Structures are given as structure tokens and as C-alpha cells.
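Please read these numbers as outputs of a predicted model, since none were measured by experiment.
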Amino acid sequence: MFGKSFYDIGQAIIGRTKDINSALTETNNFSASLKKSPSIMQRLFPGKKSIKSQLIDVDKLYSGIDDTKATKILSDLQKNQKLIDKTKGSWQKYFSTLKKGEEWQINFVKNTDLQKASLSDVKDAYESARQSAIDHNTALQQQTLGFKAATAAANVLKTAFNAIAYMAITQAIVAVANTIITKFDEVVNAYQNGIDKLKDLSSEIKSLESEQSSLNSELKESKERLYELQQLEMPTLFEK
């Protein structure tokens, strides 16, 4: 449920049972014991109030770092390093003076050659610590029931939106496909009509050619007949 395993649920039930029994032994008041013990849901998903004390005030502890601040930090660390090298001392005293939000300097000292370190190295370590604090708060907030419920609701909406989007895309594809098919049919029909018209025109041309051939034949026959008639009339003229 909301990312919790059966083991987590079982542990929450066992923990609540132990707390109730312990409180009941002290007070002998079952109702008070129930109220005193956090519920199973509270154990699985702490509320915002229950995690408030564990949240880090990031803006207060990590208000920002500039060259001036980075220079001072690096200078203090380098001076302390030189002092420790001379006395063969340790960093424990310096670390004990660090305030909340400055603990990142401990890992910086352990993992960095201070004499070669730059302002950029100091800033990067600071920003890394700030991001870790943000991640810490995010992890706590993600354990709350409200966040889990909101995430589940968002996933439901996302799934519904994806389904709607899928349907819309599918319908759009079908519409485009139908349009393409319709246009294709129109082109095919136009092409077929063109072929039919060409066939009709070809038949007409052949018919005209045939008629022309017939006319040519008739004309030829008429010329030959006229010539024959002329040959027959010539002797008659001479006789006169």
C-alpha cells in the first residue's frame, strides 16, 4: 500500500501492540494507552507535524556563499592545518567549534588537500551540503501519507491523461488514415476515369481513321470513275 511492504505493515502492528501493552502496564488505562501510542498509519506514514522537528531549515543554515565567505573559510582551514602540522595536534578542537550548518567542513578537511584547495572547491562542498539538506527534507516529506496520497492521485490522473491522450492520438491517426485512403481512392478513380476517357478517345480516333480511310477509298474510286468517263467522252468529241 503506497509503497509499503507487508513486512513494514507487520512491524507497525507489532510496534503499536508493544507500546499499548507497555502503556497499559504503567497506567492500567486501556483508552489512555491507545491514545498515547501512535496509530499504525502514523507509524507507516508520519504526518507533517511528526517530521517537523526532523526537517532542516535549509534557508537559515545554508543562506548562501560568496567569494568573501569562501575565502575566509579556506583561510581559517589552511591556518589551522599549519598549526596542527607544527604541534602535531588534531582537528578535533576545531571541529568542536563548528556550528550547525558548518559540519560539511569536516568531510571537506578529510577529503581535500587544503594547501591546494581553491575557492571553487569550498563553494562546491558548501552547495553539496546544502543539496544534501534539501534531499533530507524531501525524503522525510515523501514518507508522509499526504504525499503518498497526492502521488497516487497524480499517478491516477497521469494514467487517465495518458489514456485520453492515447485515444486522441489514435483517433487522429485513424482520421488521417481515412483522409489518405479517401484521397487515394479519389486519385485512383480519377486515374481510372482518365484511362476510360483515353480509351473512349482512342475508339473515336480509330472510328474517325476508319471513316477517313473509307472516304479516301470512295474518293479514289470516284477519281477512277471520272477518268473512265472522260476517256469515253473523248472519241465522241472527235467524231463531231
*Are Tyr126 and Ile73 side-chain neighbours, meaning at least one heavy-atom pair lies under 4.5 Å?*
no

*For the atom pair CD (Gln81) and CG (Asp113), what is the distance rounded to the nearest 0.5 Å?*
8.0 Å

_Value rounded to 0.5 Å, distance of CD1 in Ile56 from CG in Leu140_ = 8.0 Å

*Measure the shortest side-chain to side-chain distance between Asn137 and Gln54 over non-hydrogen atoms and say whether it is less than 4.5 angstrom.*
no

_With heavy-atom distances below 4.5 Å as the criterion, would you say the side chains of Ile65 and Glu127 are in contact?_
yes

_Side chain Ser132, main chain Ser128, donor-acceptor under 3.5 Å_ = yes

*Is there a side-chain hydrogen bond (donor to acceptor under 3.5 Å, both in side chains) between Asp135 and Thr138 once you walk through the steps?*
CA-CA 5 Å; Asp135 293 341; Thr138 301; 5.2 Å; no

*asked:* Grouping I, L, V, M, F, W and Y whenever their side-chain heavy atoms are under 4.5 Å apart, do Leu77 and Leu83 come out in a common cluster?
replied: no

_Residue pair Trp104 / Ala129: nearest heavy atoms and the distance that separates them_ = CB-CB, 3.4 Å

*Roughly how far, to the nearest 0.5 Å, is OG1 of Thr97 from CD of Glu102?*
7.5 Å

*How long is the gap from CD on Gln105 to CZ on Phe108, to the nearest 0.5 Å?*
8.5 Å

_Distance, nearest 0.5 Å, that separates CD of Glu218 from OG of Ser213_ = 10.0 Å

*Does Asp59 pair with Arg130 as a salt bridge, N-O distance under 4.0 Å?*
yes

*Salt-bridge present (Asp66, Lys123; N to O < 4.0 Å)*: no

*Between Ser63 and Lys69, which heavy-atom pair has the shortest distance, and what is it?*
OG-NZ, 4.4 Å

*asked:* Using 30° and 60° as the class boundaries, would you call the ring planes of Trp91 and Phe95 parallel, tilted or perpendicular?
replied: parallel

*CG of Leu119 to OG1 of Thr71: how many Å apart, nearest 0.5 Å?*
4.0 Å

*How close do Gln78 and Ala117 get, heavy atom to heavy atom, and via which atoms?*
NE2-O, 4.3 Å

*Considering residues, nucleotides and ligands other than Gln92, do more than 12 of their heavy atoms fall under 6.0 Å from its CD?*
no

*Cluster check Ile106, Val109: I/L/V/M/F/W/Y, side chain < 4.5 angstrom*: yes

